[in-house]
Amino acid sequence: MPAEICTQHFIEPRATAPLATTSATYSGIDSPISSSPSDSSTPYNMNKLCRQVSIESPGPQVRNCVFNFFVPIEDTPPTGARIKIVCAGACYRRRDRSASITSMSSVSSDLSDYCPSQTSPAHAGIREGSFFPGFEVAGVIESLGSAINDSNNCGLRIGQRVIVYPFDEAPAGYAELLVVPDLKYIVPIPDSLPICVAAMLPTGALLAMNAVFKAEEVVREMLKKRAPEDADKKCKLLIVGTGGLALWAVRIASHHYATTGADKHIDITVASLRDEGFRLATEIENVSVVQWNECLYEPQLIERTKDVCGGTVDVVIDFGTTSRSLHRSMHCLNKGGVVLISDEVAEKLMPKFSRLSVEYQQEIIAINNGSVEQLKELVHMVADKKIEPPPHSVFPCEQAAEVIQKLCSSEIPGRAILRFHDIE
């Protein structure tokens with residue numbers, strides 16, 4: 001059943017006086033709206049309309065899952081900036097997440113990594129698609145705050161191409177404009193980096209990078225505790241999933257471990273969740289691949305993984321974290337091993353597996369999204385072609401409904417990017 005985009009909806013501005021009229025028509029980013037005097041408790045005025053795409057879960061009574069709203073947008077904060085969004089990666093925040101937690105997960109072509117199939121009859125054949133998107137964006141600086149000058153502009157200027165770190169309280173929802181309260185969250189991108197590729201970096205790639213760095217840290221601690229006779233044995237790292245997150249992790253790990261010399265101590269295996277991911281993973285040198293065919297029984301998958309890895313592994317980065325994949329990962333892990341999972345799912349899964357981790361003498365560690373400094377480092381590594389980005393496809397934002405349909409049925413290889421403006 002094709003999704004349809006509903007248009008001409010208006011949303012009340014947050015923490016400000018209600019709109020004086022809802023009959024204003026949209027005529028571009030700079031379209032003004034009639035407004036009442038600002039509420040004294042509101043730090044900024046709302047004086048522009050901005051198109052925003054909202055992607056929600058299809059429900060028994062709702063045919064559409066993609067909506068197109070016109071919303072008021074805040075004035076540029078005195079010490080911040082307002083970004084004109086050019087490209088936005090398909091990413092989301094789970095409904096059950098606290099608003100204060102900002103680590104996001106990138107959507108890959110395989111949404112089943114995060115979104116198990118609906119079980120109710122009303123949703124038969126439809127994958128859960130609960131998206132609060134818009135946290136993975138690239139664009140140009142439209143305006144700088146009134147308090148910004150040459151001495152405190154962090155080298156930023158109007159018209160500069162940038163990406164935005166997913167800061168706390170980042171606005172949810174794809175929109176044509178994004179207000180950033182502080183310049184420290186804005187990272188410039190070199191001219192050599194395509195803006196559609198840059199849009200993939202702030203959440204998915206950054207989370208993968210932080211997981212890879214944490215895995216190296218865990219391995220080095222393990223090596224310190226090894227007996228002298230085992231000092232030359234390599235640690236085994238298993239990366240689960242071949243969506244955008246896992247493909248970023250494999251690429252980042254291959255480069256980073258070779259640069260730091262950690263490749264002498266770490267063997268990498270990828271547990272592929274799909275045939276397409278299996279093919280992509282085999283394109284990377286010095287990486288083994290095991291296919292996790294969900295049609296097989298758990299003991300078969302566990303034994304298959306141990307055969308490919310040459311026994312149990314020391315560290316697992318599980319980006320396909322459902323209860324089933326985490327349970328399987330722990331059975332592939334040796335005593336004293338560590339599983340790294342996104343803190344996007346940690347709140348839900350860690351309490352369920354606390355007893356099992358104690359019984360197996362294993363540790364489950366939640367990984368957050370990473371830092372602004374890591375994002376800057378990542379930008380340069382991708383711009384300098386030290387890391388090859390995973391496959392991606394760019395679509396006009398008007399095709400958001402079709403894109404989500406295809407994502408939910410795993411019809412788009414790699415990542416999907418929505419384009420709001422064409423500046424190239």
Side-chain angles (χ1 to χ4, degrees), residues 89-94 97 103-116 127-128 135-136 166 200-216 218 236-254 256 268-274 276-278 280-281 284 287-292 294 301 305 313 315-330 332-333 337-350 353 364-370 374 378 387 389-392 407 410 413-416:
C91 64
Y92 74 105
R93 174 180 291 186
R94 292 169 58 94
R97 292 287 290 169
S103 86
M104 322 305 169
S105 299
S106 296
V107 169
S108 70
S109 59
D110 189 357
L111 286 181
S112 61
D113 284 8
Y114 301 95
C115 308
R127 290 195 184 281
E128 171 62 53
F135 299 100
E136 200 168 39
M200 295 191 286
L201 304 183
T203 58
L206 182 58
L207 173 62
M209 180 179 188
N210 198 32
V212 166
F213 285 11
K214 181 61 179 180
E216 181 187 15
V218 169
K236 300 169 186 176
L237 169 63
L238 177 66
I239 299 176
V240 177
T242 44
L245 282 169
L247 291 176
W248 273 117
V250 173
R251 286 162 165 77
I252 293 171
S254 296
H256 178 69
I268 301 175
T269 301
V270 177
S272 172
L273 300 176
R274 298 183 63 228
E276 175 202 5
F278 184 88
L280 293 172
I284 303 174
V287 173
S288 302
V289 181
V290 55
Q291 190 169 12
W292 278 8
E294 296 298 325
L301 292 173
T305 305
V313 301
V315 182
V316 177
I317 300 177
D318 193 342
F319 289 128
T321 317
T322 61
S323 293
R324 184 179 182 185
S325 74
L326 181 55
H327 189 268
R328 187 184 307 155
S329 294
M330 294 177 71
C332 297
L333 198 64
V338 174
V339 181
L340 306 178
I341 64 175
S342 166
D343 68 357
E344 185 71 30
V345 295
E347 288 182 353
K348 179 180 179 180
L349 293 181
M350 289 181 73
F353 286 86
I364 303 174
I365 299 177
I367 302 298
N368 61 29
N369 197 55
Q374 286 178 325
L378 180 62
I387 297 175
H392 60 280
L407 283 174
S410 301
R415 291 295 313 281

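The figures that follow rest on heavy atoms only: side chains count, while hydrogens, waters and symmetry mates do not.
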Donor-acceptor pairs are to be reported for all side-chain atoms of residues 207-215 against protein atoms at under 3.5 Å, with residues two or more places apart or in another chain.
{"residue": "Asn210", "atom": "OD1", "partner": "Gln374", "partner atom": "NE2", "Å": "3.2"}
{"residue": "Asn210", "atom": "ND2", "partner": "Asn368", "partner atom": "O", "Å": "3.0"}
{"residue": "Asn210", "atom": "ND2", "partner": "Asn368", "partner atom": "OD1", "Å": "2.9"}
{"residue": "Lys214", "atom": "NZ", "partner": "Glu217", "partner atom": "OE2", "Å": "3.1"}

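- Side-chain atoms of Ile252 and Leu378, non-hydrogen and from C-beta on, do get closer than 4.5 Å to each other.
- Nearest heavy-atom pair across Leu301 and Gln291 is CD2-O, 4.2 Å.
- Ser288 contributes atom OG, which lies 10.5 Å from atom CG of Leu238 (distance to the nearest 0.5 angstrom).
- Going from atom OG of Ser342 over to atom CD of Glu347 covers 10.5 Å, rounded to the nearest 0.5 Å.
- Smallest separation of non-hydrogen atoms from Ala346 and Ile341: CA-CD1, 3.8 Å.
- The structure places CG of Asp318 at 13.0 Å from NE2 of His327, a figure rounded to the nearest 0.5 Å.
- Of all the heavy atoms in Pro166 and Thr203, the pair that sits closest is CG-CG2, 4.0 Å.
- Listed here is the closest heavy atom pair of Ala366 and Met350: CB-SD, 4.2 Å.
- Looking at heavy atoms from C-beta onward, Val287 lies in side-chain contact with Ser254 at the 4.5 angstrom threshold.
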Exercise. Please walk me through it: do Val313 and Thr269 pass side chain to side chain contact (heavy atoms under 4.5 Å, CB included)?
Worked result: CA-CA 9 Å; Val313 301; Thr269 301; over 6 Å; no
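- Of all heavy-atom pairs spanning Glu136 and Pro202, the tightest one is CG-CD, 3.7 Å.
- Taken from NZ in Lys236 to SG in Cys332, the straight-line distance is 11.5 Å, to the nearest 0.5 Å.
- Of the possible polar contacts, one joining the Ser325 side chain to the Thr322 backbone as a donor-acceptor pair under 3.5 Å is found.
- Under the 4.5 Å side-chain criterion, counting only non-hydrogen atoms from C-beta, Trp292 is in contact with Val240.
- Nearest heavy-atom pair across Pro389 and Met200 is CB-CE, 3.9 Å.
- Atom CD1 of Ile364 is separated from atom CG of Leu326 by 5.0 Å, given to the nearest 0.5 angstrom.
- Between Leu206 and Trp248 the shortest side-chain heavy-atom distance does not fall below 4.5 Å.
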